[in-house]
Amino acid sequence: MERERGITVKAQTASMIFRHPKDNLDYLLNLVDTPGHVDFAYEVSRSLSACQGALLLVDSTQGIQAQTISTHTRAQEANLKIIPVITKADLPHAQTDDVILQMATTLEIELEDALVTSAKSGLGVDTILPAVIDRIPPPTGVPDAPLRARLVDSWYDETRGVVCLVQVVDGLIKENDRISAFSLGPSESFSVQEVGVLCPYQLRTGRLLTGQVGYVIAGMRSTRQALMGDTLFHHHKRGGEAAEATMLTPLPGFEKAKSMLFASIYPLDTQDFDSLELAVNKLTLNDASVTVQREGSNTSLGSGLRCGFLGLLHMEVFNQRLRDEFGTAVLLTSPTVPYKIVQPSPEGEGGRDGEVTERIIHTLADWPDPATTPNYRDLKIEEPVVEATVLTPVKCLGAITTCLKERRGVQEDIKYLDDKNVVLKYRLPWQEVVTDLHDVVKNVSAGYASLNYREAGYASDDLVKVELALNGDEVDALSFVCHRAKAEREGRRVALKLKTVIDRQNFEINIQAKVGRKVVARERVAPYRKDVLVTKAGKNVGGGDVTRKKKLLEKQKQGKKRAKMVGKVSLSQEAFWAVISKD
């Protein structure tokens with residue numbers, strides 16, 4: 001999948017021995033390759049928590065990107081030693097000197113610290129690993145202390161169960177040890193079956209010492225037993241002094257990923273739900289940034305799983321991995337973002353004057369109904385917003401600014417890197433970003449601009465829910481939220497799009513887009529119609545017999561009416577993507 005898309009999706013780690021040419025000594029290095037796309041920033045933060053330094057790679061033909069600034073900020077917050085590396089320096093159109101000046105002014109990096117390299121020709125490659133050893137400090141730890149190991153990553157093996165990637169901070173871990181996880185407590189323990197390092201294949205070593213990173217197989221079978229950032233320690237009987245000391249000092253784990261996008265996953269066949277749930281549990285073990293909970297549907301979709309993702313690309317990759325790695329065909333609904341409902345307490349129900357309640361809704365089925373919600377007019381609906389950073393050429397500044405303003409963006413800062421590039425900082429609703437902003441930014445700038453964003457809390461606005469109904473039955477999986485000023489236009493667009501993607505049935509399908517009780521758009525999918533002039537035996541009943549024709553049409557009309565009452569509209573994947581597609 002990474003080869004198909006040309007991006008890095010999953011952080012990969014490998015250990016290696018390197019002999020330093022200066023002192024002729026062997027050094028053990030553990031290297032981690034992380035993704036660069038903003039939707040996989042959780043992989044970056046998880047990797048930074050287990051490292052002492054970072055190589056910041058910048059393409060000499062493209063210069064600093066928006067995600068470069070974000071990754072550099074994360075590395076600084078983790079107090080890592082940063083080594084800037086300029087790549088592809090041998091290309092004819094490389095702008096090495098300009099890129100180094102950009103890094104010096106934007107990232108506050110010393111000019112002489114940058115390494116100029118080319119993987120194709122080998123230029124400067126031999127200076128990277130010596131610089132890692134000379135500039136980055138080795139891991140600190142106490143070899144004689146009780147075991148404390150940080151769980152960095154995990155994946156599922158069909159025959160061995162959960163395989164954990166751990167960083168040994170203190171002590172050592174060896175085969176046949178009895179270990180426990182801080183999140184599970186000392187009551188649950190596991191026997192270490194195999195220990196080794198990744199080279200990048202699994203090389204069994206029997207033990208891992210202080211400072212090493214390697215894999216541990218301990219018979220874990222579920223995602224609950226392998227939480228990212230958890231601390232592993234030697235298991236002791238309850239009340240032991242060593243166990244008490246270890247339990248009181250867990251390692252500081254990295255922050256849990258906060259889902260910014262939610263979508264429901266349903267099996268194509270309702271009987272395959274158990275297989276889908278098993279496949280999702282195995283995949284979330286490898287991608288801990290995905291949150292999962294069970295969900296029912298008020299349509300014919302049946303039971304499904306409500307999943308939280310970091311972004312639209314993250315959701316698409318997860319769906320593709322389900323299909324490619326587990327052979328699970330699923331139906332993925334249109335994504336929604338979490339909204340905050342701020343509601344004053346109703347009078348006469350024990351609420352104090354001025355008291356308000358806040359709740360987060362992740363599905364539009366929980367959206368407050370104007371007819372049944374007390375004090376609906378006093379409700380305040382808040383949506384998540386992000387601080388977006390766009391790095392663009394100056395010649396594309398006008399088009400990018402117009403694009404951001406159309407999506408309710410508010411400019412916060414503008415900074416010129418040089419006479420060719422400028423950095424824009426905008427505050428944008430997350431719903432406007434997640435649809436197609438990344439593609440639009442690339443299109444209007446001919447691929448030269450880059451987009452990065454980070455969470456910036458919630459902000460209130462005039463938001464309404466646009467309900468999509470098929471033959472009078474509301475389908476929450478197709479409904480969406482937008483600004484009131486765009487509700488009618490977006491409702492017409494989605495209804496017209498659904499008309500083209502919903503398959504014709506033997507009965508009429510009415511598509512309605514409503515805001516509250518007001519219908520803002522209506523489309524009709526015509527039913528199949530028989531040729532009433534031809535009988536089942538293929539004999540012509542006569543072209544001029546209009547009474548016969550009317551009789552057969554009336555009979556067909558009654559049959560369609562009955563079919564419409566009991567028939568179910570089948571929805572394809574294209575119907576759900578029509579909600580966010582701007583085509």
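Note that the numbering runs from 1 along the sequence shown for the chain.
Taking a 6.0 Å sphere around CZ of Arg323, one finds it holds more than 12 heavy atoms contributed by other residues, nucleotides or ligands. Within 6.0 Å of NZ on Lys465 lie more than 12 heavy atoms contributed by other residues, nucleotides or ligands.
Considering only heavy atoms from C-beta on, Val152 stays 4.5 Å or farther from Val166 through its side chain. Inter-residue side-chain proximity for Pro384 and Glu455 is flagged as unmet; no heavy-atom pair is nearer than 4.5 Å. Val85 has its side chain out of reach of Leu56: every pair of non-hydrogen atoms, C-beta onward, lies at least 4.5 Å apart. Side-chain contact between Val292 and Arg306 is absent, with no heavy-atom pair separated by less than 4.5 Å. A 4.5 Å side-chain heavy-atom check between Val197 and Leu208 finds at least one atom pair inside the cut-off. In this structure, the side chains of Ser289 and Phe40 stay at 4.5 Å or more apart for every pair of heavy atoms. Looking only at side-chain heavy atoms (C-beta outward), Ile360 and Tyr339 stay at 4.5 Å or farther from each other. Side-chain contact check for Tyr458 versus Glu358: every heavy-atom pair is 4.5 Å or farther apart.
Residues Ala131 and Leu115 approach most closely at CB-CD1, 3.9 Å, considering heavy atoms. The two residues Leu463 and Trp367 come nearest to each other via the heavy atoms O-CZ2, 4.3 Å. When all heavy atoms are compared, the tightest approach of Thr87 to Asp59 is OG1-CA, 3.5 Å. Contact detail for Asp170 and Ala145: the closest heavy-atom pair is CB-CB, 4.1 Å. When all heavy atoms of Phe182 and Phe233 are compared, the closest pair comes out as N-CE2, 3.6 Å. Of all heavy-atom pairs spanning Leu451 and Ala66, the tightest one is C-CB, 3.8 Å.
Between the side chains of Thr13 and Asn30, at least one donor N or O lies within less than 3.5 Å of an accepting N or O. With hydrogens and angles left out, the side-chain atoms of Arg148 and Thr231 include no donor and acceptor closer than 3.5 Å. Between the side chains of Gln167 and Arg150, at least one donor-acceptor pair of N or O atoms lies under 3.5 Å.
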| said: With side chain to side chain contact (heavy atoms under 4.5 Å, CB included) as the criterion, how do Thr106 and Thr68 come out once you've worked through the C-alpha distance, each side chain's angles and the decisive distance to 0.1 Å? | reply: CA-CA 10 Å; Thr106 306; Thr68 308; over 6 Å; no
| Run the ring pair (Phe, Tyr, Trp, His ring centres under 6.0 Å) check on Phe309 and Phe262 step by step: do they pass? | CA-CA 6 Å; Phe309 304 96; Phe262 292 85; 8.4 Å; no
| Verdict with supporting geometry, Leu283 and Phe326, side chain to side chain contact (heavy atoms under 4.5 Å, CB included) | CA-CA 9 Å; Leu283 194 53; Phe326 298 95; 4.0 Å; yes
| Going through the distances and angles, do Glu325 and Gln320 end up as a side chain to side chain donor-acceptor pair (under 3.5 Å)? | CA-CA 8 Å; Glu325 299 178 20; Gln320 185 175 346; over 6 Å; no
| field | Candidate pair Val162 and Tyr156, rule side chain to side chain contact (heavy atoms under 4.5 Å, CB included), full reasoning | value | CA-CA 5 Å; Val162 178; Tyr156 192 83; 4.3 Å; yes
| field | Working for side chain to side chain contact (heavy atoms under 4.5 Å, CB included), residues Thr336 and His362 | value | CA-CA 7 Å; Thr336 59; His362 299 128; over 6 Å; no
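Distance check, rounded to the nearest 0.5 Å: OG of Ser264 to CG of Leu331 gives 10.0 Å. Taking CG from Leu428 and CD from Glu383, the interatomic distance works out to 10.0 Å, rounded to the nearest 0.5 Å. Going from atom CZ of Arg204 over to atom CD of Glu194 covers 4.5 Å, rounded to the nearest 0.5 Å. Met315 contributes atom CE, which lies 9.0 Å from atom CD1 of Ile265 (distance to the nearest 0.5 angstrom). The line from CD1 of Ile341 to CZ of Arg359 is 6.0 Å long, rounded to the nearest 0.5 Å. Interatomic distance, Cys164 SG to Leu232 CG, rounded to the nearest 0.5 Å: 6.5 Å.
Listed by first then second residue, pairs satisfying side-chain hydrogen bond (donor to acceptor under 3.5 Å, both in side chains) with a partner in residues 70-83 read Ser70-Asn452, not counting sequence neighbours. Among residues at least two apart or in separate chains, side-chain hydrogen bond (donor to acceptor under 3.5 Å, both in side chains) pairs with a member in residues 124-142 are His20-Asp134.
Although no hydrogens or angles enter the test, the distance criterion places a donor-acceptor pair under 3.5 Å between the side chain of Asp177 and the main chain of Lys174. Of the possible donor and acceptor atoms, none in the side chain of Ser191 sits under 3.5 Å from a partner among the backbone N and O of Asn176. Formation of a donor-acceptor pair under 3.5 Å by the Thr117 side chain with backbone atoms of Ile86 is found in this model. In this structure, Glu2 contributes its side chain and Val9 its backbone to a donor-acceptor pair below 3.5 Å.
Among Val280, Leu278, Asp272, the single residue meeting the side chain to side chain contact (heavy atoms under 4.5 Å, CB included) criterion with Leu276 is Val280. For the side-chain hydrogen bond (donor to acceptor under 3.5 Å, both in side chains) criterion with Lys10, the lone passing option out of Asp153, Asp33, Thr34 is Asp153.
Using a 4.0 Å cut-off between charged nitrogen and carboxylate oxygen, Glu277 and Lys282 do not count as a salt-bridge pair.
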